[in-house]
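Order of listing sets the numbers, starting from 1, for every ligand and every atom in it. Only a predicted model underlies this, so the values are computations on that prediction, with no experimental measurement involved.
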Amino acid sequence: MTCARCCCVMHMLVVPGYVRILTGLGKTYLRHPSLASACALRHLTRQPARPYFRVSQAPFLLHLAFVPSRPLGPSHSQLTTTTHCPLPRVTKAFISTSPARPDSLPSRMGQKKPFERLPQDVNPTNYALRLQPDLDKFTFTGKEVISVQVQKATGKVVLNSVDITIATATFRAENETKELSTSDIQFNKENETVTLSFPSDLPTGAGELTLEFAGELNDKMKGFYRSKYTSPDGQDRFCAVTQFEATDARRAFPCWDEPARKATFDVTLVVPKDRVALSNMNVVEEKPVPSRSDLREVRYARTPVMSTYLLAFVVGEYDYVEGRDADGVTVRVYTPVGKSEQGKFALEVAVKTLPFYKEYFKIPYPLPKIDLIAIADFAAGAMENWGLVTYRETALLIDPENSSSHAKQWVALVVGHELAHQWFGNLVTMEWWTHLWLNEGFASWIEYLCVDFCLPEYDIWTQFVSTDYTGALKLDALKNSHPIEVPVGHPDEVDEIFDTISYSKGASVIRMLHDFIGDEDFRKGMNLYLTKFMFTFLFQDFRKGMNLYLTKFMYKNTFTEDLWASLGEASGKPVDKIMSTWTKQMGFPVLEVSATQEGTSRVLKIKQSKFCAEGPSEDDSSLWMVPVSISTSQSPATAVKTLLLDQRETTVTIDNVKPDDWVKLNPGTVGFYRTQYSAEMLDRLLPAIKDQSLPPRDRLGIQNDLFALAKSGVASTVDILRVMEAFVNESNYTVWSDLSANIASLATLLSGTDCYPQFKLFVQDLFKLVGEKLGWEPKDGEGHLDAMLRSIVLSHLGKYGHQATIAEANQRLEEHISGTRTLAADLRGPVYATVLRHGDEKTYEKLLDLLRKADLHEEKVRILRSLGSVSQPELIQRVLEFALSSEVRSQDTVFVIGGATSSLKGRELAWKFVQDRWDELHTRYQGGFLLARLVQFSTSGFVEEVRAREVEDFFKLHPAPAAERTVQQSCENIRLNAAWLARDAASISDYLSTRARL
Ligand code: BES
Ligand code: ZN
């Protein structure tokens with residue numbers, strides 16, 4: 001729509017029930033029937049019928065929040081809005097879904113906790129923060145002097161604080177000597193806030209709030225917490241570390257703990273003399289503590305303006321390796337004492353990565369140093385604290401002798417991911433957690449670009465397709481998925497969205513957009529659409545847009561629309577319009593395609609509809625703007641035609657196609673949609689899978705789509721089994737890896753049926769040939785991907801009962817234990833799982849012994865995750881009990897229990913165990929994403945309706961707010977499995993027994 005008085009143009013999508021509008025400076029005219037009667041609006045307006053705003057403050061972008069008194073009608077209704085902006089620079093108005101004050105968010109499932117953002121009347125600008133952890137008593141004391149701007153005179157200051165005791169709080173206005181003490185300090189546990197009440201109003205203007213406080217160095221891996229490590233002389237010791245994202249800085253010091261409340265930080269740590277003490281910035285002063293000869297005080301340089309969730313401290317014992325990047329930034333990788341060698345690989349990657357991002361973003365890394373540090377107890381994989389990135393040991397340390405190829409690749413990806421956040425997330429930060437996906441989706445995309453640059457031999461983009469892309473499609477087909485942009489409020493809801501949608505769907509739609517904006521061939525094939533709203537542009541446009549976005553919002557906060565606006569500006573494309581269809585509505589389309597040959601042309605009919613895991617739904621009206629590309633057997637890797645599908649159906653003609661040629665949608669498997677080919681089109685494609693004339697990403701994509709269609713009842717499962725058999729000659733690691741994931745789903749489905757033994761034979765037959773080709777020993781000149789393929793193939797042959805593989809695995813384990821021949825790191829995972837599955841109590845004891853002797857955390861985790869492969873119920877039960885023993889760190893417990901769910905009996909016992917020990921597990925994880933993982937592992941593999949009800953009933957009685965959506969997704973999955981089995985069990989069984997007799 002266009003402004004009546006100038007030419008500024010806006011496009012808006014409204015999320016039902018809640019509207020937040022960002023405008024530039026100036027006057028905003030709103031004409032929307034629902035808004036006109038909105039209570040918040042009436043309060044602000046002079047003329048309710050034609051609301052009028054004059055904005056007196058002067059930030060570049062202003063947030064105006066309107067909460068309608070009743071929902072705004074159907075989803076994605078258009079809001080009629082015109083804005084006139086007197087400043088020519090500011091011509092956009094955006095709507096976002098961030099919660100505003102003072103109203104609470106609409107409820108998603110009817111029982112959301114009410115939530116308010118912190119008041120804006122007092123704003124922090126700098127925290128002078130002094131902390132003193134006590135590593136013996138597991139406590140800390142702190143003092144902070146917060147420079148604030150009082151925007152509106154108030155007698156109450158509300159900020160976040162959890163599990164902290166505040167001893168004193170005073171306020172002093174600038175240029176005053178008199179201090180005002182609080183008359184009351186009230187904590188609100190539910191809201192995680194503290195209200196400091198003063199006997200009189202704090203005057204507007206600058207002032208200082210001084211607080212003295214104390215807290216516990218907890219063992220929950222959040223806030224300021226303790227982590228246990230073993231010193232080189234074998235003693236148990238503790239270090240103090242932080243994990244603040246998303247909402248746990250408030251556990252370390254009272255603060256305005258919201259991403260938009262940016263400030264600078266002057267950190268001082270008082271620590272034992274002999275300990276390493278790190279924070280985001282470089283040290284500017286170190287001095288003894290006069291009253292305590294055992295302590296020293298370390299003062300760090302002031303940080304840039306940043307969000308609280310990015311602050312970090314570490315106090316412990318470490319060694320490090322150091323390097324410098326091309327611009328002289330000091331890069332250090334901190335490792336446990338005596339293990340600095342293990343930091344070398346990550347250091348190499350980091351030193352290459354920083355200049356790569358500098359070049360990509362066209363902005364240098366802004367701090368003088370960056371530390372990467374391995375923490376023994378760590379809930380997530382890694383955390384991007386600005387200048388001090390923390391990692392699980394397995395995500396940072398590489399031991400050349402004992403680390404697998406997969407571990408190396410993971411380290412490279414995680415380093416690439418966290419360093420990307422130093423720009424995308426830290427320098428420019430989402431305004432609210434609703435836009436978390438901006439951070440995580442983008443970093444999850446660019447980590448691949450970075451690894452592709454540093455380690456091209458990993459063919460990492462193909463791996464993206466089988467990990468992030470297909471993972472996201474799988475989850476997003478559920479009714480219990482959610483849009484990428486999801487209104488969140490309470491911390492429980494924030495924890496919940498660190499999920500596959502934010503990460504993997506986020507990364508996948510960015511990949512699609514990147515491809516779409518950058519693809520030159522696309523321009524040529526798009527005449528039809530060019531006239532409508534597009535211009536031609538070059539590959540660099542994506543980067544140009546990225547640079548625009550980062551420079552414009554440096555040190556600021558953003559909404560999703562800001563990224564689209566910058567990318568749109570650089571490319572001249574309606575990026576916002578296209579991308580809104582992918583980020584504001586959940587799910588994705590399936591494109592049904594059929595073709596007819598007309599002379600030398602192939603005419604394709606393409607129709608989009610929402611892809612639903614439970615099969616087609618008639619009443620869904622969702623539409624996406626889908627960038628579609630098409631390849632043919634004459635041009636398998638490069639699209640011959642590209643178009644933007646923005647309606648339900650279209651017809652496309654491809655010239656110069658011979659009657660026998662195949663035609664395929666989505667070359668490179670970049671578009672975030674599934675394809676359902678007509679039988680004829682599919683028949684032409686299958687030989688191209690067999691002879692591998694289709695590129696790997698395409699072979700993988702066809703297989704994955706077909707599998708999903710079979711699961712949803714559109715295709716037959718027997719057909720997919722036949723297609724799987726077409727892969728016997730497959731040579732690509734990633735294709736096998738993806739196939740394996742689907743085999744695992746089938747195994748789960750069939751494990752309780754009579755045809756399971758025949759299914760095992762089917763899998764053995766599938767993997768035998770590639771197993772023979774690869775053998776057990778690495779061949780001369782073979783690469784990273786061959787090593788990973790061997791690992792997958794041996795795991796499958798072992799798991800599904802291939803006798804020669806089982807015998808060899810046992811033999812090699814004996815040699816490994818006796819020291820005759822050390823098992824190569826890449827073989828250990830498959831060997832451990834194989835021997836355990838087919839072994840007995842003695843085998844289990846042997847592995848436990850190996851575990852206890854292992855020093856490298858990666859090796860411990862490898863064994864821990866394999867333990868659950870045991871087959872005897874008593875042993876499975878032992879594994880489950882062991883998972884909660886003191887020998888297993890809380891960070892790993894969930895994965896040990898997860899390891900037990902690879903068999904039917906294991907799934908039953910693990911779910912029972914989780915129910916029996918729920919209180920203990922819940923207390924251990926206090927909500928959070930590890931609990932959500934546990935729920936997923938222990939519930940999603942069932943195939944009977946009664947289990948779905950059991951799971952629902954259990955969580956009704958034992959609510960787990962941060963896992964609420966996971967529970968619903970699991971139950972949906974169980975029901976999908978039940979329907980699938982009911983539909984296809986007989987035909988699968990017939991097929992498997994017929995082929996077994998051949
Ligand atoms: N910002 C996250 C860390 C995080 C995750 C904090 C969940 C709070 C809750 C970090 O950037 C991240 O995404 N880490 C990933 C690893 C990455 C390579 C996908 C993780 O921890 O799994
Ligand atoms: Zn991240």
Does ligand 1 have any N/O pairs with the protein under 3.5 Å, and how far apart?
residue: ligand 1; atom: 1 (N); partner: E245; partner atom: OE1; Å: 2.6
residue: ligand 1; atom: 1 (N); partner: E384; partner atom: OE1; Å: 2.6
residue: ligand 1; atom: 1 (N); partner: E384; partner atom: OE2; Å: 3.3
residue: ligand 1; atom: 1 (N); partner: E440; partner atom: OE2; Å: 2.8
residue: ligand 1; atom: 11 (O); partner: E384; partner atom: OE1; Å: 2.9
residue: ligand 1; atom: 11 (O); partner: H417; partner atom: NE2; Å: 3.2
residue: ligand 1; atom: 11 (O); partner: E418; partner atom: OE1; Å: 2.7
residue: ligand 1; atom: 11 (O); partner: E418; partner atom: OE2; Å: 3.1
residue: ligand 1; atom: 11 (O); partner: H421; partner atom: NE2; Å: 3.0
residue: ligand 1; atom: 13 (O); partner: H417; partner atom: NE2; Å: 3.0
residue: ligand 1; atom: 13 (O); partner: E440; partner atom: OE1; Å: 3.1
residue: ligand 1; atom: 13 (O); partner: Y503; partner atom: OH; Å: 2.6
residue: ligand 1; atom: 14 (N); partner: A382; partner atom: O; Å: 3.2
residue: ligand 1; atom: 14 (N); partner: E418; partner atom: OE2; Å: 3.1
residue: ligand 1; atom: 21 (O); partner: G381; partner atom: N; Å: 2.5
residue: ligand 1; atom: 21 (O); partner: A382; partner atom: N; Å: 3.3

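Geometry note: the Zn ion (ligand 2) is the vertex, H417 NE2 and H421 NE2 are the arms, and the angle is 100° (rounded to 10 degrees).
Checking T394 against E858 by side-chain atom types alone, no donor-acceptor pair falls below 3.5 Å.
Between W445 and H514, the ring planes lie tilted relative to each other; the angle falls in the 30° to 60° range.
Ion pairing between a basic and an acidic side chain is recognised when a charged N comes within 4.0 Å of a carboxylate O; R332 and D371 show no such pairing. Checked for salt-bridge contact, E431 and R117 meet the test: a charged N lies under 4.0 Å from a carboxylate O.
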Only pairs under 3.5 Å count here: list side-chain donor-acceptor contacts from residues 926-936, not counting sequence neighbours, and write none if there are none.
residue: Q926; atom: NE2; partner: T923; partner atom: O; Å: 3.4

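Just one residue in the list H421, M383, E418 forms a side-chain contact (heavy atoms from CB on, under 4.5 Å) with V389, and that residue is E418.
In terms of distance to the Zn ion (ligand 2), the nearest N, O or S atom of E440 is named OE1.
Residue M788 holds its CE atom at 4.0 Å from OH of Y733, rounded to the nearest 0.5 Å.
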